[in-house]
Amino acid sequence: MTPPSATVTQADLAACRLMIVDDEESNVLLLRSLLEREGYGDIVGLTDPGQAVETFVATPPDLVLLDLMMPGIDGYQLLEAFGRQTRPGDFRPVLVLTADTTPAARRRALALGAKDFVAKPFDVIEVALRIANLLETRVLYRRLQALAGPQPPA
């Protein structure tokens, strides 16, 4: 068996599914525009956090871009819910994008499973690079999982 290539191409990244969850439609549109400019095509944008868990389960994303401060269900609750819907050992990264830049918010989000944290307003080039880095890790993780074969149910 030939080992999977360690090279991740732009086409590999562009094939990934991304989910944006932010109650501000302007933020979802900004992120969607950024992602489309970077070549991503499979993008789900949600302004209703109440739909996020169902969407996460029905069409599992390779990366979630998540706001923390939302009415009803906040980003912390969604991080907990995503964690319950993810198999142990699975790598499904969440990038938090929030105006709450307090150390407590950062620590809490990271403790609940976020893999990266960016303060709003954000630099679009930096966010694009962070997204690509997280997706590269996700693609390599999926390749290793395929090489390892089927895993027993949890």
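All heavy atoms count here, side chains included; hydrogens, waters and symmetry mates do not.
Taken to the nearest 0.5 Å, the OG1 atom of T55 stands 4.5 Å off from the CG atom of L46. Remark: Q145 CD to L140 CG distance equals 12.0 Å, nearest 0.5 Å. The distance from the OG1 atom of T137 to the CG atom of D116 is 10.5 Å, given to the nearest 0.5 Å.
For E136 (side chain) and T7 (main-chain N/O), no donor-acceptor pair under 3.5 Å exists by modelled atom type. Remark: side-chain polar atoms of E126 are not paired, donor with acceptor, to backbone N or O of D123 under 3.5 angstrom. Under the 3.5 Å distance criterion, the side-chain polar atoms of S33 are left unmatched by any main-chain donor or acceptor of L29. A distance-only check finds no donor-acceptor pair linking the side chain of R92 to the backbone of L63 [under 3.5 Å].
A continuous path of ILVMFWY side-chain contacts below 4.5 Å connects L134 to Y40, so both sit in one hydrophobic cluster. Transitive grouping of hydrophobic side chains (ILVMFWY, heavy atoms separated by less than 4.5 Å) keeps V96 and V118 in distinct clusters. Residues L78 and L95 fall into different hydrophobic clusters, defined by Ile, Leu, Val, Met, Phe, Trp and Tyr side chains chained together at heavy-atom separations under 4.5 Å. Two different hydrophobic clusters hold V64 and L129 under the rule that ILVMFWY side chains link at heavy-atom gaps under 4.5 Å. Cluster membership check: L112 shares its hydrophobic cluster with M70, using side-chain heavy-atom separations under 4.5 Å among Ile, Leu, Val, Met, Phe, Trp and Tyr.
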Practice item. Please assess N27 against R32 for the test side-chain contact (heavy atoms from CB on, under 4.5 Å), listing each intermediate value before the final yes or no. Key: CA-CA 8 Å; N27 291 337; R32 180 182 290 280; over 6 Å; no
Test side-chain contact (heavy atoms from CB on, under 4.5 Å) on I20 and I43; report intermediate values, then the result. CA-CA 8 Å; I20 305 164; I43 305 164; 3.8 Å; yes
Could you walk me through whether K120 and D100 pass the salt bridge (Lys or Arg N to Asp or Glu O under 4.0 Å) test, one step at a time? CA-CA 8 Å; K120 290 179 185 175; D100 186 349; over 6 Å; no
Hey, mind stepping through L66 and L79 against side-chain contact (heavy atoms from CB on, under 4.5 Å) and telling me if it holds?
CA-CA 9 Å; L66 180 65; L79 280 166; 3.8 Å; yes
The test is side-chain contact (heavy atoms from CB on, under 4.5 Å); show your working for D23 and T47 and say whether it passes. CA-CA 4 Å; D23 62 308; T47 55; 5.6 Å; no
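Few gaps surround CD on Q51; more than 12 heavy atoms of other groups in view lie less than 6.0 Å from it. Around the CD atom of E25, the shell of radius 6.0 Å holds no more than 12 heavy atoms that belong to other residues, nucleotides or ligands.
Side chain to side chain, R106 and T102 fail the donor-acceptor criterion of an N or O pair below 3.5 Å.
Nearest heavy-atom pair, A14 versus G39, reported as atom, atom and distance to 0.1 Å: CB-O, 3.3 Å. Taking each heavy atom of P49 and P71 in turn, the nearest pair found is CG-O, 3.7 Å. Nearest approach of V53 to A81, heavy atoms of both residues: CG2-CB, 3.5 Å. The minimum heavy-atom distance linking M69 with A99 is given by the pair CE-CB, 3.8 Å.
Under the side-chain contact (heavy atoms from CB on, under 4.5 Å) rule, L18 has a single partner from V44, L31, L135, which is L135. Among the candidates V94, L35, V21, the single residue satisfying the side-chain contact (heavy atoms from CB on, under 4.5 Å) test with L65 is L35.
Sorted by first and then second residue, the ring-ring contact (aromatic ring centres under 6.0 Å, His included) pairs involving residues 72-131 (not counting sequence neighbours) are F56-F82.
Residues D62 and R138 are paired through a salt bridge, judged by an N-O separation under 4.0 Å between the basic side chain and the carboxylate. Looking at R142 and D90, no side-chain N of the basic residue comes within less than 4.0 Å of a carboxylate O on the acidic one, giving no salt bridge.
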